[in-house]
Each structure stands twice: as C-alpha cells, then as structure tokens.
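Every chain is numbered from 1, with letters handed out A, B, ... down the list of sequences. Just so it is clear, the values below take in all heavy atoms, side chains as well, and ignore hydrogens, waters and symmetry mates.
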Amino acid sequence: MRSDPAPWRPPATAVRWTIVAVLLLAWEILPRSGAISPLFLPPLSQTLAVIVADRAEYADALRVTLVECAIAFVLACGGGIVCGAAIGSVALLRRLMLPLISSVYAVPIVILYPVLTVWLGIGAMSKIAFAGIYGFFPTVLATAAGIRTIDPNYLVAARSMGANLGQLMLRVVIPASIPTVLAGIRLCGVLVIVGVVVSEMLTSTAGIGYLVTRYRTVLDSPHVFAAVLLIVLLTLLFDLTARLAERRGARWRPQDQAVESFRAAPRDRTEAIAPAE
Amino acid sequence: MADVTAAVRSPPRPVEAAADRPGSIRVDHLSHTYPARDGPVPALVDIDFAAAAGRFVVLVGPSGCGKSSLLMMMAGLRHADSGAILCGGRPITGPDPLRVGVVFQEANLFPWLTALDNVAFPLALRRVKPAERRRRAADMLRLVGLDGFASRHPHELSGGMRQRVAIARGLVQDPPVLLMDEPFGALDEQTRMMMGDELLRIWSQTRKTVVFVTHSLGEAVYLADEILVMSPRPGRIVDRIAVDLPRPRTYEMMAQPEFSRLRDRIWGHIRGDHAI
C-alpha cells in the first residue's frame, strides 16, 4: 500500500499464521466469555472434544465422503483435462463446443441435483455424478484456455530441429501444458469437494455433509462445527498437496506467471452452497 | 584465446566451390503466392541466388518483404509454390537439422528446460545417449560464452544470453548451414552490437555458411560477405552487394566512407521502392 519502502515488514508467513492463531483463539474465547452464544459458536475445545468422543462416527462419514470425492475427482479431472485438451487444440471442436460449455458453466448446476437423486438414488452414485459434473466444466474451460496459450513458436522451433508428431506432443505440448493442467487439477479437486459436501447436505444418508445437516436440525452445534472443521481440514489438505504439486511441476516458470492459476479459480464458490442454507 | 584471434584474422575466404559442397546452399528460381480473400497475393518472385560454403550472406529488406518466409522455406518449414532449394546439391523438402540449423527471432527456447537441455534438445530428438548429449551441449555453451549457465532456465537469462543459447542449439548438431531469422531483432542496441561481434567470432571458429535475415542496414553491412537486398512485397532480389571490408570487422569501420556507401546503397533501394 505504501509507496515509500518500509524499514521493516513482518514476513508474510508469520502474519498469516498469526491471523490463523488469533481466529482460533477467538473461536475459543468468544463463546466462553459469553460474547457469543455457544449455540451459534461452540468453543473450539468443545468442538475438538466432540470429534474425539465420536471419532468412529466421524471417521465413517469421512470415509464415505473421501471415496465419493476420489471417484468424482478422477472422473471430472480426467474427463475435463482430456476434453479441455481436445477443445483447446482442435479449432473445429473449439468453435462447436466452447460457447456451449461456457453457457453450461454459468448455470447453477446444483439445480440438477434433485434430478440426479431421482435417477441414481440418494446413495453415493448421485453425489459422485453431481460433484463430477460440477468439477468437469470449469476444468474443461481452464485446460482449453491453457492449451491455447502454448506458444506456436515452440512447435515451429521443435519442427525445425526435426521433431515428429509424437515428439512434438511428448516433448513440447505436454511439458508446456503441465502448469495449466496442474492448476486445472487443483480447481477441479476443490470443486469436487464442494459438490460432494453440498449434495450430502441436501439429500443423503451418509457422509460428512450429511452429519452437518442432521446435527443442525437437532440444534447440536458442537457436532455441526466438528463436521465443518473436518471439511475445512480436508479441503486445506487437498489444496496444500495440489499447490505443492503445482509448484514442483511449474518450477521453471517465472513467479509472476504462477499467479495466473489463481485467476482460474471459480468465480463464485458460494453459488452452490447457497441453496443448502 | 590466441587461436581464436588467429581464426578471426584469417577468416574462411570463400573459394569457387562446387554447388554440391556440403555447406553450399542454392535457391533456384523460387516463387510463392499466398491465397487471400480478394485473390492470390504474390509474396516472393523468382528468388534466385547461391551461397558458397562458409559464406556469410545477409538478406535485408523492408518489413513484410517475405525475407522471413524465404528463410522458413530454406529451413524446410514451409513449402514454395515453385522453384527449389538445394543444400549441398540435394533438395530441401522438410526440416533437416543435420544439414540446416535455425535460429529464430525470439530465442524460442523451451522455458521448462535448462540452458543445457535446450541446447541438447535436437540431440534428444535423435536419441543420442544422455552422456554424449550433455557433453556436446556443454561444448556448445562454452563456444557461445555461457560456461557456468548450463543449469539456468531461460527466464533466468538475459535476452542476449537467450540468443546465445539459441545459437548453441542451432549449432549443436554441427550442420554446415545456419539460418538466422532476425536473431537480434528483440535486443537493445548495445547488446545487439556485442552479439554481432560474438556471432562473427563463432562463425569464424565454426566456418558455417550463414544466411542471416535482418532489416537493419548497419547490421547487414557489418556482418556480411554478401548482401541480398529485397524489395517490398512482392519480394524479389533487387541488388546483390559484395562487402569487401576486411575482417575482423571493427566498430571503427562503421565510420569509414566505404561502410556508409554500402549502407546508403541499400537504403536507396528500400527508400526508392517505397516512393513508388
């Protein structure tokens, strides 16, 4: 913000962790001091105690959610990257499909969910289908956009050195698209987690999202927050892993280009969560 | 460095070489027309010239005259409607990195590879063993003065260094001919001057045939044995100028009347054609 160089600035990581610590502390202190009713926000220690006490129930729920996430992730990510690569590299496909996919992306896909439960039941299948669709389209768009940013001059240079079609793909197109694909994977994974949890909250009999809804209807706040905390941790863990992979896979990029993956983030993650309220 | 200076003092003087000597390149009545909405547009008209092995030939002309297209055809990256290109007496029908190396305007290095791996890339395509690849690439980096930068990625190198890597990559398979498409066009004036000297040093050490495209008149005179001046589109060769300035070329020569005379002669063609 300041234009003149400050003599000392605390390191960004330290500031970030301080903010996290302050928030956790507030989570503990505010309900205990009576500033916030424990019904709205049970103290952190109580929430953690609930997780420990009911660990079997939470572990079961988490396992269900993880399996659904993993399957939906493989489908959405694999399909999204393959379709995105095809659409990004073939002009005809791009003209035909891109407007369609962009429009579908704008539709709040959560309206499909009731239909999916009718078709697939309220078990894991409908969650996987919904989360898969939810993660698929943004991944297609991100990958297609990324493939198109490959500099055609790289291909000309490789051809001048005698590269055949297979070598062009293997040694130029694939390495050049790795950063994009990794960013796509991260985006896809985050969306898939949102999709699974939201669909579990809407209609289901198992999973971590289901626990949120069930305990909310009986006003058992510590159990609700315990589930929320686990979802947050799950997402953070995934995001951290994906980010690490991204950094390793895109080490050759100058720093300012790595920021671009943030711009590919979903426009509004709350659009899917809103109907659940 | 003693042998380098010696090499510069006794440059590879062209001899009357047979047309099929490995480094010779011949463009034989080449013409090309681009299709466009309102009819075909002639781009190159009856381009015909030969460069003997070891010569430094510069193609100079206004923007859009087709000089880059011509070079891409010589590299086998594009096809012409009519005419032929022969390298060492055999026609060029596609990219042939063992006969012709190419250096592009933007260095075109692969950003995900280190300088060394970029230089070794053409060898990797031909499945040369990794150890030999590394050795030959390191030799080339040494030749272009980039010892100690082998493990840097392109974004960690300056523009001039990137072009050095690109030149090393063009030379790594030891092709007798090196085609250069405005290789210093994106560099600032000072770097450009230094790279010109570097290129002449490398050329005198490797004795390649160089065909060099530029739109800089001074650069053309400074580097060339022979200058081919092209007209605006449709591109045709309007003058062939033998540059008899002694080698090694020096900065001081640029102030000599002979240098200015040659530069003025090129400019006359370019300006004259614009006036029409």
Using every non-hydrogen atom in the two residues, find where [X] and [Y] come nearest and quote the distance to one decimal.
X	Y	answer
B:Pro97	A:Ser160	CB-O, 3.9 Å
B:Leu125	A:Ala158	CD1-O, 4.1 Å
B:Trp112	A:Ala176	CZ3-CB, 3.5 Å

Using only non-hydrogen atoms and a strict under-4.5 angstrom cutoff, which residues of residues 176-188 of chain B touch chain A? none

Between the CE atom in A:Met161 and the CZ atom in B:Arg126, the distance rounded to the nearest 0.5 Å is 13.0 Å

Quick check for you: to the nearest 0.5 Å, what is the distance between A:Leu155 atom CG and B:Asn108 atom CG?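 Going from the CG atom of A:Leu155 to the CG atom of B:Asn108 covers 9.5 Å.
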
Please indicate whether A:Arg148 has more than 12 foreign heavy atoms, meaning atoms of other residues, nucleotides or ligands, lying under 6.0 Å from its CZ. no

Checking B:Ala124 against chain A: side chain, backbone, both or neither under 4.5 Å from a heavy atom? both

Counting heavy-atom pairs under 4.5 Å with chain A, which one of B:Met72, B:Arg169, B:Gln173 comes out on top?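 So the answer, after comparing B:Met72, B:Arg169, B:Gln173, is B:Arg169.
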
Backbone of B:Leu77 reached by a side-chain donor or acceptor of A:Arg159 within 3.5 Å: yes

